[in-house]
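Here the structure comes first, spelled out in structure tokens, and everything after it is commentary.
All chains are named by letter (A, B, ...) in the order of the sequence lines, taking the proteins before the strands, and each is independently numbered beginning at 1.
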Number of protein chains: 2
Amino acid sequence: MSGHHPARSRRGTERKGDVRERAILDTCEALLAQKGYDAMTVGDIAQGAGITRGALYFYFGSKQEVVTALVARTVEHLWERSRATAQTDEPRRAIAAAMQRTVELWNEHGLVMRTAIDLSLTVPEVGELWSHTADLFTTAITAVLERAGVQAGTEPDQASAMARSLCWMIERTFYHASQESREKFRKASATCEHIWLLSAGLNT
Amino acid sequence: MSGHHPARSRRGTERKGDVRERAILDTCEALLAQKGYDAMTVGDIAQGAGITRGALYFYFGSKQEVVTALVARTVEHLWERSRATAQTDEPRRAIAAAMQRTVELWNEHGLVMRTAIDLSLTVPEVGELWSHTADLFTTAITAVLERAGVQAGTEPDQASAMARSLCWMIERTFYHASQESREKFRKASATCEHIWLLSAGLNT
DNA sequence: CCCAAAAGTCTACACTCCGTCGATTTTTCT
DNA sequence: AGAAAAATCGACGGAGTGTAGACTTTTGGG
């Protein structure tokens, strides 16, 4: 979605515009934390990045496009992190590791992740990005469930369908918890882990 | 939140304004289905209700207030329905009944419920309304879990905390499923029921 | 039935934000 | 150095918001 402004793929020195673009995204993230999506105006972002509205429109076509680019940048991190995670084969260990990783991701990128979830409905590109991310998580959960002995398949009581609901449970629980204290956050994570274990048939 | 326009509490005949107010809310609900929250303008609502923008501001102070009133009206139904539901004492039966009821609620009021969830972050009053609703559901789930033998308490592996996460799971799963086919909706419900049973220690 | 007060409605205005355009300046590359 | 490409600016027209003041309809007591 950042395909409308000039390509600059293979190039040693960085164009001035690259710096500006990053500044815009950084400012956007900061404003998101300060005033939230609705209150944040295109003028605000431009000002924060040290340019005028007119100039900002050289980089992005709208506030939505700016935020979409920001989400894309963040989600990229999530994907890298997912890929980098080694597959543990012992289910209990795998579940603990996955929850630990999720906590870290929400700690680092909670703000943008929350924003992505909120905009999923109204901004199709963001919806796309986030649903792809959710698919990655669902796939990972499915694998763990199957290894723990849950029957593979898409019927309501089989691994795939259960993984999807567990994914939504984790998303929503963290979404809310990450707006509260660190303490609640930690506890919420433990609760999700516990339910995941039970769902995998691994009674304590 | 509808406290700014004249009180008309105890009165036999209905004021003209009462009819208009209902017309506004109905129009708002219809437009929400047609074009969604963002695209819907105050002018649209007024026109649909047969008055001008100026007149609409006599009833509500903003688009947000209109939607908040609509959410309040809908949520009222949910509360009534919850109160009316008899407490079944056999956990398996209680869980099945609760999921059945939830399916019906989402079928009838899915649109407004989705809207309420979306606006929870940005419109404090809606957030209030919805979090109260979630509390009711969480309390009900907690009761069932405890009756099924899950230890009472707020620690991560005890009834109260688990109920909260299960509530979010159900909310999110239905939120997504209700935008797709009836078939997926039915299956998603079965999956939630299954996970709830496992969480309650009621293995199939 | 009358008529004043209350309730409801309208048009017009001032404001904010948005997205676009053409002109202009700065950067980049050779 | 100097032309092409990249970046920036200010100004405009449009859409939506919320408010103000005048006007009309409805209501209810005498």
Given atom [atom1] of [X] and atom [atom2] of [N], what is their separation to the nearest angstrom?
{"X": "B:Lys35", "N": "D:dA15", "atom1": "NZ", "atom2": "P", "answer": "13 Å"}
{"X": "B:Leu56", "N": "C:dA7", "atom1": "CG", "atom2": "C1'", "answer": "15 Å"}
{"X": "A:Arg15", "N": "C:dT26", "atom1": "CZ", "atom2": "P", "answer": "18 Å"}
{"X": "B:Lys63", "N": "D:dA15", "atom1": "NZ", "atom2": "P", "answer": "17 Å"}
{"X": "B:Gln47", "N": "D:dT17", "atom1": "CD", "atom2": "P", "answer": "13 Å"}
{"X": "A:Phe60", "N": "D:dA7", "atom1": "CZ", "atom2": "C1'", "answer": "14 Å"}
{"X": "A:Met40", "N": "C:dT16", "atom1": "CE", "atom2": "C1'", "answer": "16 Å"}
{"X": "B:Tyr57", "N": "D:dG16", "atom1": "OH", "atom2": "P", "answer": "12 Å"}

Legend entry - Side chain of A:Phe58 (C-beta onward), nearest among C:dT9, D:dG18, D:dA6: D:dA6
Inset, instruction - Looking at every strand, decide which applies to B:Thr52 at a 4.0 Å heavy-atom threshold: base, sugar-phosphate, or nothing. - result: base
Carboxylate-amine/guanidinium contact [X] [Y], below 4.0 Å:
{"X": "A:Arg186", "Y": "A:Glu183", "result": "yes"}
{"X": "A:Glu21", "Y": "A:Lys16", "result": "no"}
{"X": "B:Asp157", "Y": "A:Lys187", "result": "no"}

Is there a side-chain polar atom (N or O) of [X] under 4.0 Å from OP1 or OP2 of [N]?
{"X": "B:Arg20", "N": "C:dT9", "result": "yes"}
{"X": "A:Tyr59", "N": "D:dT8", "result": "yes"}
{"X": "A:Thr41", "N": "C:dC18", "result": "yes"}
{"X": "A:Lys16", "N": "D:dA5", "result": "no"}

Inset, instruction - Verify, without hydrogens or angle tests, whether B:Ser160 (side chain) and B:Thr154 (backbone) share a donor-acceptor contact under 3.5 angstrom. - result: no
Legend entry - N/O donor-acceptor pair, side chain B:Arg53 with base D:dG18, under 3.5 angstrom: yes
Legend entry - A:Ser165-B:Thr173 side chain donor-acceptor pair, cut-off 3.5 Å: yes
